[in-house]
Protein chains: 2
Amino acid sequence: MNKGSESRARFERIYRTLRQRICLLDYPPGRRLREEDLAEEFKTSRTPIRRVLARLEDEGLLRSVHGVGTIVTDIHIDDLQQVYQLRVELAELIGKLAPVMPDRRTIEEFRELEARGRALAKRPDAREFARLNMEFFHLLMTLTANEPLREISERLYYQTTRNWLKTASRLAQYREMLRNEIRFFQREMADTLAAIETGDLQVVGHVRRAHVAMSFARLYAEAHPVVCNEQS
Amino acid sequence: MNKGSESRARFERIYRTLRQRICLLDYPPGRRLREEDLAEEFKTSRTPIRRVLARLEDEGLLRSVHGVGTIVTDIHIDDLQQVYQLRVELAELIGKLAPVMPDRRTIEEFRELEARGRALAKRPDAREFARLNMEFFHLLMTLTANEPLREISERLYYQTTRNWLKTASRLAQYREMLRNEIRFFQREMADTLAAIETGDLQVVGHVRRAHVAMSFARLYAEAHPVVCNEQS
DNA sequence: GAAGAGCCTGTTGTATACAACATCACGCAG
DNA sequence: CTGCGTGATGTTGTATACAACAGGCTCTTC
């Protein structure tokens, strides 16, 4: 019954914990992690920790430098453009490859997330927004049975998601941006629910595609303010 | 200058070596690898080897079992169907996301591969076919500058590529299948060259998509012989 | 006072001893 | 003869000591 997966479960737990900390900026870009501290926190030795860090490094969230430390990567929107472009294309595949019609329970979860979105709109909070966004993503992923697609989408999602928090948090119009973004997110959830109710999951894919693309465009515009008009 | 990448280079070298051995069936499915043997072969300790094995396990080529060994995964075409479906979709993106027009040198390399394909057709050899197929794949990947797309396509390619060798090698009509497959591969290369010469890399993507889909269909048909006619 | 060399500290990378675990063979009892 | 338990053996997982390395600090010298 155990399937010898005792240590596998622990690996997964530590991995998800650290990934979440990085993506919620508990570990901001540039932050240096010490393997021994993590080993102590998770009541283990450096060996299993190093395996987790190696994977996070593979995924581009960390970078280990011999003799220096393990550093949370700092990324700019320009470096992420390619990832976003790919995410836009993959979004559409959710409803195209092995789509799974959600059962009543799952639809209910979508509704609950939407409700939490309404509550959030009344009392904006960046961290809660990021967390809600994450949960929505994972719920979306249940709509396809294509396991490789899920894995890859997840990987790319976590490569890009902290970028919004990072960009927004240091801007003057921070609170307005947040409120604005929450509104867009509410609309994505509403559109998604509507699409699900049509029974055509391809539409869900199209909705997602549109919103990922627009989300990137907003961030990009924020980082590259138009000088005014012309100029190639 | 060294950038401390001494050990990173070694990691990459061992990783590619083992991956190739798995995909050329030097390590056939079910084969058990011993960490200590590999450590000795590559003149190092188990520690760096384990990092390589962990990554190969992440990618689905190996599976480590505590107390038993590290085993090359055995996969059936049915498990790979989802991967193939995704590969079909991704193939098209080569020419869509950040396409890079090949320079004269690269086109020359395509021509060389095609020439080797002609030579191969005269003296069929499964192993050489697999190797040529791999080189062609890597050359195709130079046609997009989208790094995440390249990484992911590579990962999925190596998850599926050994399946042809495995399926074919135990079939009666082995030599005929091989000759047939080589002919198809020649056509893919010829089509690709023609597409490149049109200057439209989207066409290259369409060609690739078609051939990946057909290649999977042939394998699938081989594994699921039609009983004769009807029957759902 | 400034610049440079060399030590000192702290961190990741590697090697290795040991623990946990699975498998198989052997023996013993029924 | 068969079935089960137990120990021997071999393997991966973990802990830990040590090597390699980077960066800063100090001391020296011009």
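Since the model is a prediction, treat every value here as computed from it, not as a measurement.
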So what does [X] hit on the nucleic acid, given a heavy-atom distance under 4.0 Å: a base, only sugar-phosphate, or nothing?
X       : answer
B:Ser64 : sugar-phosphate
B:Leu33 : sugar-phosphate
B:Leu53 : nothing
B:Arg10 : sugar-phosphate
A:Arg34 : sugar-phosphate

Rounded interatomic separation in angstrom, taking [atom1] from [X] and [atom2] from [N]:
X       : N      : atom1 : atom2 : answer
B:Arg46 : D:dG10 : CZ    : C1'   : 12 Å
A:Arg8  : C:dC21 : CZ    : C1'   : 13 Å
A:Arg50 : D:dT16 : CZ    : P     : 16 Å
A:Glu40 : C:dT11 : CD    : C1'   : 16 Å
A:Glu35 : D:dA17 : CD    : P     : 16 Å
A:Phe42 : D:dG13 : CZ    : C1'   : 19 Å
B:Glu36 : C:dT14 : CD    : P     : 17 Å

Just N and O in the side chain of [X]: are any of them under 4.0 Å from OP1 or OP2 of [N]?
X       : N      : value
B:Thr44 : C:dT14 : no
A:Arg32 : C:dT11 : yes
A:Ser7  : D:dG13 : no
B:Ser45 : C:dA15 : yes

query = Can we say B:Arg8 and B:Glu12 salt-bridge, meaning some charged N sits less than 4.0 Å from an Asp/Glu carboxylate O?
reply = no
Whether B:Phe216 and B:Tyr220 hold their rings parallel, tilted or perpendicular, with breakpoints at 30° and 60° =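 If you compare the ring of B:Phe216 with that of B:Tyr220, the planes turn out tilted.
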ask   = Between A:His138 and A:Tyr158, what is the ring plane arrangement, given parallel below 30°, perpendicular above 60°, and tilted in between?
value =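 Rings of A:His138 and A:Tyr158: tilted, as their planes differ by 30° to 60°.
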task = Verify whether the ring centers belonging to A:Phe185 and A:Phe136 lie closer than 6.0 Å.
result =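 Between A:Phe136 and A:Phe185, which both carry aromatic rings, the centre distance is below 6.0 Å.
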